[in-house]
Amino acid sequence: MPSGTMFDPVSPAGKALSDFFWVVLAIGLGVVILVSVLTTYAAFKYRRRDNLKTEPRQISGNFRLEVLWTASPLVLLTILFIPTLLVMGATDPTPQDKDLQPDLEIIGHRWWWEFRYPKEGIVTANEMYLPVGKKLYTRFTGGDVIHDFWVPQLGRKMDTIPGHNNFLMLQSDRQGYFSGVCAEFCGAQHAWMLISVYVQPQQDYDTWIQKEKIPSPNAVPSDPILARGQQVFLNNTCVNCHAIAGTGANAQVAPSLSHFGGRKTLGAGIVENTPENLKKWIRNPWDIKESVNMPAYPQLSEDDLNALVAYLEALK
Ligand code: CUA
C-alpha cells in the first residue's frame, strides 16, 4: 500500500526538500514564462512582411544584451545557491552526529531490505519501526549490488553500496505508515523492494523493541504441530540462509525470521503475509516472485509444510 508523496513531508529533511522544490519550480516557471512571452512577441512583431524587399539591417554584438543574459542566469543561480546550501545542511547529518554509533543500519539486498538496530541487537526485514519525533542516526550499506533507499516523505534518497557506508538522519514527526521503494535499478525484482515504515509513539516503539530483542515465545514451541514445524525448519536447508533467534539457526544470508509472524507482507511487499501465501511461497517462491534466491521445496510433505507454515506464522 502506497503512502503519501514528497509533497507531504513528515521530517525536517523532507520539508526542506519539498519547500526547495517549490522555490526552484517558481523561479524556473518565471524564466519559462518570460522567455515564452518575449519569443512570441518577437516572432509576431518581427515576422516577415511581403512588402519588405531589402535585407534587414545587419548587426553584430550588443554589449548591453550580452551583459544582461550573462548576468541574469548568474544572479538566479546565486539566489538558488543559498537555499541549496541550507537544504544540504538540513538533509545531512551534522558533524557532531558523525561521532555517534548508528542507531539503525539499512542494508539493501536483492530484493529485500535488512534493518538492524545494533544497540538493541535487533535484525529484521522489510518493515522498520521508528519512534515519532526522534532522530535515528542511520548507516546504509549494500549486500550485493547498489540499491537506493527512498521513502519520499522522510526526505532524500540514499544509495546502499556494497563495501561503502553512507549516513543519514531518519526522523518522522508524524505517526503512521510511510512507504518507500528501491530507487536504483538492481535486477529483475527491483520493483518489489517495498520499504514499510511504521512510526509509533515512543511507548509503542519501546514495546516493539522489547519484543524484538528477545526470541519469540514460540521459537522453541511446546505445541506438537509447531514443534514439528520447527524440526522441518531445522532439518532442511532453511537454516543455511535464515536465522530464528532462540533456535541456534543464525545464518544471515536471507531475511531473519525471528519474528516473522508479525510481518504484514511476504517477499518485500509483493503479497500479504498469510498462511496460504506462505505455503505457496515455500513450495515455489518463483510462483510469487521470480528470480529470488530461495529455492523451491516441492519435496516437503503436505503435513510438514503445514506444520512449517504454522510454526513460522507463530513467530511473533
Ligand atoms: Cu534494489 Cu532496485
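Both ligands and their constituent atoms are indexed starting at 1 by order of listing. Just so it is clear, the model here is predicted, and its values are computed rather than measured.
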Nearest heavy atoms of V151 and V197, plus distance in Å: CG2-CG2, 4.0 Å
Which N, O or S atom of H147 lies nearest to atom 1 (Cu) of ligand 1, by name: ND1
Of the N, O or S atoms in H190, the one nearest atom 2 (Cu) of ligand 1: ND1
Whether M193 has an N, O or S atom under 2.8 Å from atom 1 (Cu) of ligand 1: yes
Qualifying residue, where the test is ring pair (Phe, Tyr, Trp, His ring centres under 6.0 Å) with Y198 and the options are Y177, F115, W208: Y177
Proximal heteroatom of E184 relative to atom 2 (Cu) of ligand 1 (N/O/S): O
Enclosure of Q203 CD (heavy-atom neighbours >12, cutoff 6.0 Å): no
Whether F233 and H242 hold their rings parallel, tilted or perpendicular, with breakpoints at 30° and 60°: tilted
Shortest non-hydrogen contact between E120 and I209, atoms and distance: CG-CG2, 3.6 Å
Metal check, atom 1 (Cu) of ligand 1 vs C186 N/O/S, cut-off below 2.8 Å: yes
